[in-house]
Amino acid sequence: MKNMLITGGAGFIGSNFVRYMLKNNSEVCILNLDALTYAGSLKNLEDVPGAERHNFVQGDICDRSRLDSLMRQHEIDTIVHFAAESHVDRSILGPKQFIQTNIVGTFTLLEAAKSYWLQDRKLDGNQARFHHISTDEVYGSLAPNEPAFAETTPYQPNSPYAASKASSDHLVRAYHHTYGLPTTLTNCSNNYGPYQFPEKLIPLMILNALEGKPLPIYGDGHQIRDWLYVEDHCEAIELVLRQGQVGEEYNIGGDNQPTNLEIIQTLCSILDARFPDSPHTPHSKLIKYVTDRPGHDRRYAIDMRKIHNALGWQPRQALASGLEKTVDWYLANSKWVVEIHKQQQYNQWMQQNYADRP
Ligand code: NAD
Ligand code: DAU
């Protein structure tokens, strides 16, 4: 793990992972390849430590010749693949880009890795690694008493986003099985924490509440997610890179199952405590029930026994204190927020997704 290609390293989890790796590993050199779509920004990387070991390149994972030359030029031995279209609601309104980036992009990256590692360099599982970052959404939705998602749970993706990620997972598996590409794969639950783009539930609710805007809850708000603090996810990925078995998958989660309504009420209480004199306190009065997400998955839960038993990993951050830290990060980083709120593209998305949602 010397020369690491990180795709999507200017996005939410990717930028946290770049920061985490540079801080905790003095030997690793990172080549960060990101197309800088609406979701990626160099502002997410401004404070990375060890900047001399971080090389940013703007580029597309679908560009095969670019991948070929970058892998050779930087003698890449490890790939950590985050780059994706990641927002479920966008996949419902416009699935095409999800097929291109998540499926064609992953295929292109796998081909580049196969060509450079297996054909040119004749590397094996101890000398190279392709780690694919995936999601628990590939397993579909759980009924109230159904057991949590295990690595053996059949795939049943429900949204175009989940289907595109499931497809990419199958490609990764096939490249290991057929060609012997040294792969590992992790399926993780909902992340939250610093630098999350404010189209996702937690940052959107924090920022809307601060401005006294409605807090749009899809449907009845009783959908359940498992929430993981992003730094815990980074730690789990590093552990799988170092100690995970080639060809294996590991589920990762935060070991909690709050409803969306509970998450939003907790965020409102945190803001009430921070701003007792705000005209918007109590912030929960801003909650507004709106038209549900089509095909909305009801419940996710993660069975983490495999990663815990095999690698000793478990989440460190409790949800209540993690949410407090996250609120405080958004309060302390209003400049970062203002830049996004100024973007025409962002405001267009807000209009498109929420305007016709009574
Ligand atoms: P994000 O949307 O914040 O970031 C995605 C990044 O990928 C952006 O920087 C974007 O510019 C880049 N990108 C998009 N298309 C690209 C392309 N064609 N070439 C190069 N770069 C491209 O996403 P995120 O929330 O950080 O998620 C990262 C990964 O983790 C995704 O694969 C996602 O499916 C997975 N995941 C996310 C969560 C979550 O809760 N956010 C949970 C589990 C898994
Ligand atoms: O489970 C892992 C997945 O978590 C990742 O693979 C995805 O990349 C990531 O976006 C996330 O998907 P979700 O759809 O669960 O996250 P989101 O933040 O969009 O929504 C969380 C829940 O909140 C979901 O039940 C929908 C609901 N919601 C969301 C928004 C944006 C609302 O009720 N209102 C909203 O405005």
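Note that ligands are numbered from 1 as they come in the structure, with each ligand's atoms numbered from 1 the same way. All values below come from the heavy atoms of this structure, side chains included, with hydrogens, waters and symmetry mates left out.
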For [atom], what is the nearest protein heavy atom, given as residue, atom name and distance?
{"atom": "atom 27 (C) of ligand 2", "result": "N260 ND2, 3.4 Å"}
{"atom": "atom 21 (N) of ligand 1", "result": "A35 N, 3.0 Å"}
{"atom": "atom 1 (O) of ligand 2", "result": "D136 OD1, 2.5 Å"}
{"atom": "atom 36 (O) of ligand 2", "result": "Y354 OH, 2.6 Å"}
{"atom": "atom 40 (O) of ligand 1", "result": "N191 N, 2.8 Å"}
{"atom": "atom 14 (O) of ligand 2", "result": "R293 NH1, 2.6 Å"}
{"atom": "atom 8 (O) of ligand 2", "result": "S86 O, 2.8 Å"}
{"atom": "atom 9 (O) of ligand 1", "result": "D34 OD2, 2.6 Å"}
{"atom": "atom 44 (C) of ligand 1", "result": "S134 O, 3.2 Å"}
{"atom": "atom 15 (N) of ligand 1", "result": "T101 CG2, 3.4 Å"}
{"atom": "atom 5 (C) of ligand 2", "result": "Y161 OH, 3.6 Å"}
{"atom": "atom 3 (O) of ligand 1", "result": "F12 N, 3.0 Å"}
{"atom": "atom 16 (O) of ligand 2", "result": "N190 ND2, 3.4 Å"}
{"atom": "atom 34 (N) of ligand 2", "result": "P216 O, 2.8 Å"}
{"atom": "atom 42 (C) of ligand 1", "result": "S189 O, 3.2 Å"}
{"atom": "atom 30 (O) of ligand 1", "result": "I133 CG2, 3.4 Å"}

Proximal atoms of ligand 1 relative to [X] (non-hydrogen, under 4.0 Å):
{"X": "F82", "value": "28 (C), 29 (C), 31 (C), 32 (O)"}
{"X": "Y161", "value": "33 (C), 34 (O)"}
{"X": "L36", "value": "11 (O)"}
{"X": "D60", "value": "17 (C), 18 (N), 19 (N)"}
{"X": "N190", "value": "40 (O)"}
{"X": "G40", "value": "8 (C), 9 (O), 11 (O)"}
{"X": "A10", "value": "9 (O)"}
{"X": "K165", "value": "31 (C), 32 (O), 33 (C), 34 (O)"}

The single option from [options] passing side-chain contact (heavy atoms from CB on, under 4.5 Å) against [X]:
{"X": "V172", "options": "H132, E249, H177", "answer": "H132"}
{"X": "I133", "options": "L185, I6, T7, T186", "answer": "T186"}
{"X": "M205", "options": "C268, P216, P198", "answer": "P216"}

For this session: Decide whether a cation-pi geometry holds between R90 and Y38; the criteria are a distance under 6.0 Å from NZ or CZ to the six-membered ring centre and an angle within 45° of the ring axis.
Result: yes
Please determine if [X] has a nitrogen or oxygen closer than 3.5 Å to a nitrogen or oxygen of ligand 1.
{"X": "G11", "value": "yes"}
{"X": "I61", "value": "yes"}
{"X": "T37", "value": "yes"}

I need the atoms of ligand 2 closer than 4.0 Å to a non-hydrogen atom of [X], numbered in the order shown.
{"X": "L204", "result": "36 (O)"}
{"X": "H87", "result": "19 (O)"}
{"X": "Y300", "result": "1 (O)"}
{"X": "H296", "result": "24 (C), 25 (O), 26 (C)"}
{"X": "K200", "result": "10 (O), 18 (O)"}
{"X": "E199", "result": "31 (C)"}
{"X": "T135", "result": "1 (O), 2 (C), 3 (C), 5 (C), 6 (O)"}
{"X": "I217", "result": "33 (O)"}

Exercise. Mind checking whether K165 has a heavy atom under 4.0 Å from ligand 2?
Worked result: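 The answer is no: ligand 2 sits nowhere under 4.0 Å from a heavy atom of K165.
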Exercise. Are Y161 and E85 close enough that some pair of their side-chain heavy atoms sits under 4.5 Å apart?
Worked result: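 They are not in side-chain contact.
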Problem set entry | Option from R53, K2, R242 for which side chain to side chain donor-acceptor pair (under 3.5 Å) with N25 holds |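 Among the candidates, only R242 passes.
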Exercise. Is N187 touching ligand 1 with its side chain, its backbone, both, or neither, if touching means heavy atoms under 4.0 Å apart?
Worked result: neither
Problem set entry | Nearest option to atom 27 (O) of ligand 1, as decided by whichever heavy atom of L45, L109, I13 sits closest |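 Result: the heavy atom closest to atom 27 (O) of ligand 1 is in I13.
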For this session: Have a look at A84, C188, S86 and point out the one with the heavy atom closest to atom 5 (C) of ligand 1.
Result: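 Ranked by closest heavy atom to atom 5 (C) of ligand 1, first place is A84.
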Problem set entry | V290 vs Y218, side chain to side chain contact (heavy atoms under 4.5 Å, CB included): CA-CA, chis, key distance, verdict | CA-CA 5 Å; V290 300; Y218 296 163; 3.7 Å; yes
Exercise. What is the ring orientation for H81 with F130, classed by angle as parallel under 30°, tilted 30 to 60°, or perpendicular over 60°?
Worked result: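 Aromatic pair H81/F130 classed perpendicular.
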For this session: Describe, in one word, how the ring planes of F17 and Y20 are oriented to each other, choosing from parallel (under 30°), tilted (30 to 60°) and perpendicular (over 60°).
Result: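 It falls in the parallel class, under 30°.
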